Amino acid sequence: MTRERIVVLGADAAGMSAAHQALRMAKQVGREIEVIALEKTVHTSYSACGIPYWVSGEVESSDELIARSPERHREMGVDLITGALATGIDRDAGVAHYSHDGVDKSVGYDQLVIATGASPIVPDWALRPNGQLVGGVAPAKTLVDGQQWIDLLVAAAGAESPRRVVVAGGGYIGVEMAEAARARGLEVTLLTRSAVMSSLDVDMSSRVEKQLAEAGVQVVGGAQVVGLEVDHRGWVTSVETVDGDVHRCDLLVLATGVLPATEFAVGAGLETGQWGGLRAQPDGSVASGIWAAGDCCEVRHRLTGDWTFSPLGTHANKQGRIVGTNLITPGSRSFGGVLGTAITRYVHGDTHLEISRTGLSTREAQAAGLRVSSMVTEGRTASGYMTEAAPVAVKVFADPDTRALAGAQIVGGRAAAKRIDTVAAALWSGASIDDLAEADLAYAPPFATVWEIVQLAARRLADSL
Ligand SMILES: Cc1cc2nc3c(=O)[nH]c(=O)nc-3n(C[C@H](O)[C@H](O)[C@H](O)COP(=O)(O)OP(=O)(O)OC[C@H]3O[C@@H](n4cnc5c(N)ncnc54)[C@H](O)[C@@H]3O)c2cc1C
């Protein structure tokens with residue numbers, strides 16, 4: 001009997017979750033399968049999320065970020081080929097084409113999982129005429145990027161002068177890389193096209209901006225980068241924005257976002273959406289015998305039902321596991337969509353700033369044609385007489401007509417941001433603002449105020465509706 005062959009493209013969070021879950025499920029139901037994974041780099045299953053903390057020096061070695069090495073995947077039954085770049089899919093023949101050591105090869109599949117993730121957006125102004133990145137300019141996407149940043153930041157910190165990093169992009173990776181550069185002792189300017197952490201409402205993102213500025217990060221909003229100046233070595237010396245401002249720098253972090261890495265899939269006639277992501281069904285299928293998971297996909301927003309692009313490890317792992325299950329027992333699991341839940345921090349010196357969000361912002365609700373009311377409540381993360389107590393601001397959102405909870409945003413000190421999970425869990429279950437205001441949440445002085453801040457915020461908004 002020939003074994004059914006599953007080919008997985010991309011061997012990180014989504015791909016390897018799918019591969020191992022398929023192997024586990026096949027064992028459970030007594031089915032013989034073969035799993036082949038093609039990975040273009042030499043790295044597998046690592047925490048990209050940990051890269052900023054490795055770059056900052058908080059995590060000592062990249063080894064600590066690697067959950068499973070290629071050898072470990074092979075020991076666990078995946079036939080993993082590294083240095084294998086998937087280049088195309090012949091759907092009629094059931095064949096994936098790839099390039100390995102410069103040689104074109106192909107592999108037949110019974111089922112194919114696309115898990116190629118996302119690629120950093122590299123604007124034209126960041127490139128030399130030969131298509132290579134300008135010296136001192138790099139994204140922070142892979143372990144190779146991380147090592148490059150460590151080398152650059154350590155060298156810059158050792159230099160006599162100047163020692164300035166510009167971070168282009170004010171999303172969570174921009175904020176985390178700003179923290180890393182400050183931890184390495186460099187001066188940081190954060191340039192952002194709109195506001196820093198623009199997925200928050202302006203009254204919340206302005207709190208982030210203010211605290212970053214107080215912590216010594218120069219934040220410049222409304223600063224769209226249009227060009228670079230380079231020296232005779234081809235090394236960046238300054239960044240120019242659309243309004244003509246010039247920011248001198250020695251290094252430039254590209255934190256300008258990512259887009260789905262789906263070029264080869266488009267060539268195979270698979271449908272992609274507004275961001276170029278595959279639009280999988282809830283079970284993860286994109287076509288007969290073809291599945292997709294992770295950052296290469298667009299996903300449904302659970303509240304609006306609209307497609308969105310939400311490239312996060314938390315989704316990639318879940319989607320990979322769902323695909324792995326459905327590969328063996330079709331239709332048994334489905335992905336429930338995303339709420340836009342996200343969390344980050346900026347910690348340096350005396351500054352401990354935490355930021356999180358879930359659900360709809362005012363702008364997102366308006367774009368979806370939904371009405372939301374909102375209110376900001378300020379408080380503390382613990383009873384005021386405890387040393388743990390840190391300031392926190394919580395903004396909650398609800399539909400004023402149905403009283404359905406719609407989202408929350410949190411900006412505060414230590415232990416503030418993870419409170420967002422209370423709201424996310426309530427949102428996931430379709431709770432009302434009153435449910436959140438009345439739920440039985442934990443209280444003791446070191447952990448919360450007697451009216452837990454999230455609950456207090458919900459109660460105040462509920463009273464106002
Ligand atoms: C600096 C940073 C910080 C982050 N922090 C967080 C966080 O705090 N929380 C969070 O939830 N998420 C975070 N993320 C996002 C998270 O890392 C990604 O969402 C997650 O890695 C996506 O997993 P994936 O398997 O879909 O894609 P990827 O991790 O991108 O993996 C795709 C794999 O496919 C390979 N590949 C691509 N094209 C091909 C091809 N043609 N042929 C063969 N192989 C190919 C790639 O080399 C890669 O190994 C962060 C990301 C970065 C970069």
Side-chain angles (χ1 to χ4, degrees), residues 167 169-176 178-179 190-215 217 219-223 255 301 303-304 308 310 312 338-347 351-368 370-381 390-400 405-424 426-427 433 436-437 449 452-462 464-465:
V167 177
Y172 72 89
I173 293 179
V175 170
E176 291 167 10
E179 177 186 310
L190 189 69
L191 302 182
T192 170
R193 209 163 41 173
S194 48
V196 69
M197 295 303 295
S198 63
S199 64
L200 304 179
D201 276 17
V202 175
D203 54 351
M204 296 299 278
S205 64
S206 60
R207 291 170 186 262
V208 176
E209 183 170 331
K210 183 168 171 280
Q211 291 189 52
L212 286 177
E214 284 167 7
V217 176
V219 181
V220 186
H301 197 289
L303 300 183
T304 64
T308 184
S310 181
L312 287 173
V338 305
L339 290 171
T341 311
I343 187 165
T344 191
R345 72 165 208 197
Y346 177 91
V347 173
T351 306
H352 187 114
L353 170 63
E354 298 188 3
I355 306 148
S356 59
R357 66 160 337 260
T358 189
L360 301 173
S361 65
T362 301
R363 198 183 54 231
E364 288 165 344
Q366 280 165 353
L370 301 172
R371 249 163 54 83
V372 285
S373 297
S374 60
M375 187 184 285
V376 178
T377 297
E378 294 182 348
R380 301 213 147 245
T381 56
V392 54
V394 178
K395 184 168 189 174
V396 278
F397 301 76
D399 182 322
L405 183 63
Q409 300 172 6
I410 300 178
V411 176
R414 188 183 294 277
K418 199 63 175 126
R419 283 156 206 262
I420 205 71
D421 284 347
T422 307
V423 187
L427 261 183
I433 188 74
L436 182 60
T449 42
E452 148 67 32
I453 181 67
V454 162
Q455 203 150 36
L456 179 63
R459 193 192 79 194
R460 288 192 176 156
L461 179 61
S464 77
L465 294 180

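Keep in mind it's a predicted model, so treat the numbers as computed, not measured.
- In this structure, Leu427 CG and Ile420 CD1 are separated by 8.5 Å, a value rounded to the nearest 0.5 Å.
- More than 12 heavy-atom neighbours from other residues, nucleotides or ligands sit within 6.0 angstrom of CZ on Arg345.
- In this structure, Arg193 has no salt bridge (Lys or Arg N to Asp or Glu O under 4.0 Å) partners at least two apart in sequence or on a different chain.
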As a quick check of understanding, evaluate side chain to side chain contact (heavy atoms under 4.5 Å, CB included) for Val411 and Lys210, giving each step before the final call.
CA-CA 11 Å; Val411 176; Lys210 183 168 171 280; over 6 Å; no
Which is it for Leu370 and Thr304 under the side chain to side chain contact (heavy atoms under 4.5 Å, CB included) test, yes or no, and what are the steps along the way?
CA-CA 9 Å; Leu370 301 172; Thr304 64; 4.1 Å; yes
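- Considering every non-hydrogen atom in both Glu364 and Gly359, the closest pair reads OE1-O, 3.5 Å.
- Atoms CE and CZ, on Met204 and Arg357 in that order, are 11.0 Å from each other to the nearest 0.5 Å.
- Nearest heavy-atom pair across Ala390 and Gly413 is CB-CA, 3.9 Å.
- In this structure Ala416 satisfies the side chain to side chain contact (heavy atoms under 4.5 Å, CB included) test together with Glu354, Thr381, Val392, Ile410, sequence neighbours excluded.
- The two atoms that bring Val423 and Ala408 nearest to each other are CG1-CB, 3.7 Å, heavy atoms only.
- Taking 4.5 Å as the limit, every side-chain heavy atom of Met197 sits out of range of all side-chain heavy atoms of Gln409.
- When all heavy atoms of Ala457 and Val396 are compared, the closest pair comes out as O-CG2, 3.4 Å.
- Note that the CG atom of Leu461 and the CD1 atom of Ile433 stand 4.5 Å from one another [nearest 0.5 Å].
- The shortest heavy-atom contact between Ser205 and Ala195 is OG-CB, 3.8 Å.
- The distance from the CZ atom of Arg363 to the OG atom of Ser198 is 6.0 Å, given to the nearest 0.5 Å.
- In this structure, Arg459 CZ and Leu436 CG are separated by 12.5 Å, a value rounded to the nearest 0.5 Å.
- Of all the heavy atoms in Glu176 and Thr344, the pair that sits closest is OE2-OG1, 2.6 Å.
- Note that CG of Leu360 and CG of Leu303 are 5.0 Å apart. Values are rounded to the nearest 0.5 Å.
- Val196 places none of its side-chain heavy atoms less than 4.5 Å from the side chain of Tyr346.
- For Arg380, there are no salt bridge (Lys or Arg N to Asp or Glu O under 4.0 Å) partners two or more places apart in sequence or in a different chain.
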Using side chain to side chain contact (heavy atoms under 4.5 Å, CB included), reason through Thr449 and Leu456 one step at a time and then give a plain yes or no.
CA-CA 9 Å; Thr449 42; Leu456 179 63; 5.8 Å; no
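- Under the 3.5 Å distance criterion, with hydrogens and angles disregarded, no donor-acceptor pair is assigned to the side chains of Thr351 and Gln211.
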